[in-house]
Amino acid sequence: MVSVNLSEEMPSFSFSGKSHRIFIEGRGFDFESFDVYNNNTASLNLVDLDDPLFTILDFEEPRVIYVVSRLGQKDLIIQGCIFKSIEGNEIQLSYSKIQIES
């Protein structure tokens with residue numbers, strides 16, 4: 001039997017696109033959900049894009065992602081993001097640092 005550490009499975013931060021928007025390289029994206037985990041990974045589910053995200057960004061180049069409330073307040077900055085996989089609207093990424101805006 002394999003044991004699972006639930007604290008690794010639960011996101012540290014979870015955002016809904018109803019109340020937030022993300023910005024990557026200054027370009028805003030609507031999303032369904034954005035979950036950030038303790039193990040330096042995150043999962044992003046975007047709303048349908050006109051252009052696939054991989055045509056906008058390089059996979060290997062680190063990026064900064066801003067999570068901004070629809071009221072205009074920055075809630076979270078994720079630095080050193082590298083996109084590991086983009087399959088349709090589902091994106092898996094890794095990051096090196098999180099900054100919480102207060």
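Since the model is a prediction, treat every value here as computed from it, not as a measurement.
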Side chains of L46 and I22 in contact at under 4.5 Å (non-hydrogen atoms): yes
Any S33 side-chain heavy atom under 4.5 Å of N45 side chain: yes
Side chains of L76 and V36 in contact at under 4.5 Å (non-hydrogen atoms): yes
Side chains of S43 and Q92, donor plus acceptor under 3.5 Å: yes
Carboxylate-amine/guanidinium contact R70 D30, below 4.0 Å: yes
Check against side-chain contact (heavy atoms from CB on, under 4.5 Å), H20 and F31: CA-CA 8 Å; H20 288 81; F31 64 95; 3.7 Å; yes
Worked verdict on N38 versus S12 for side-chain hydrogen bond (donor to acceptor under 3.5 Å, both in side chains): CA-CA 6 Å; N38 283 332; S12 299; 2.3 Å; yes
Verify same cluster id: I65, I100 (apolar side-chain graph, 4.5 Å): yes
Short side-chain donor-acceptor distance under 3.5 Å, S14 and D35: yes
Verdict with supporting geometry, I78 and F34, side-chain contact (heavy atoms from CB on, under 4.5 Å): CA-CA 12 Å; I78 305 172; F34 185 46; 3.4 Å; yes
Residue pair N40, S94: steps toward the side-chain contact (heavy atoms from CB on, under 4.5 Å) verdict: CA-CA 6 Å; N40 290 57; S94 65; 5.6 Å; no
T41: partners by side-chain hydrogen bond (donor to acceptor under 3.5 Å, both in side chains), with sequence neighbours left out: N39
Cationic tip of R21 above F23 ring, under 6.0 Å, 45° of axis: yes
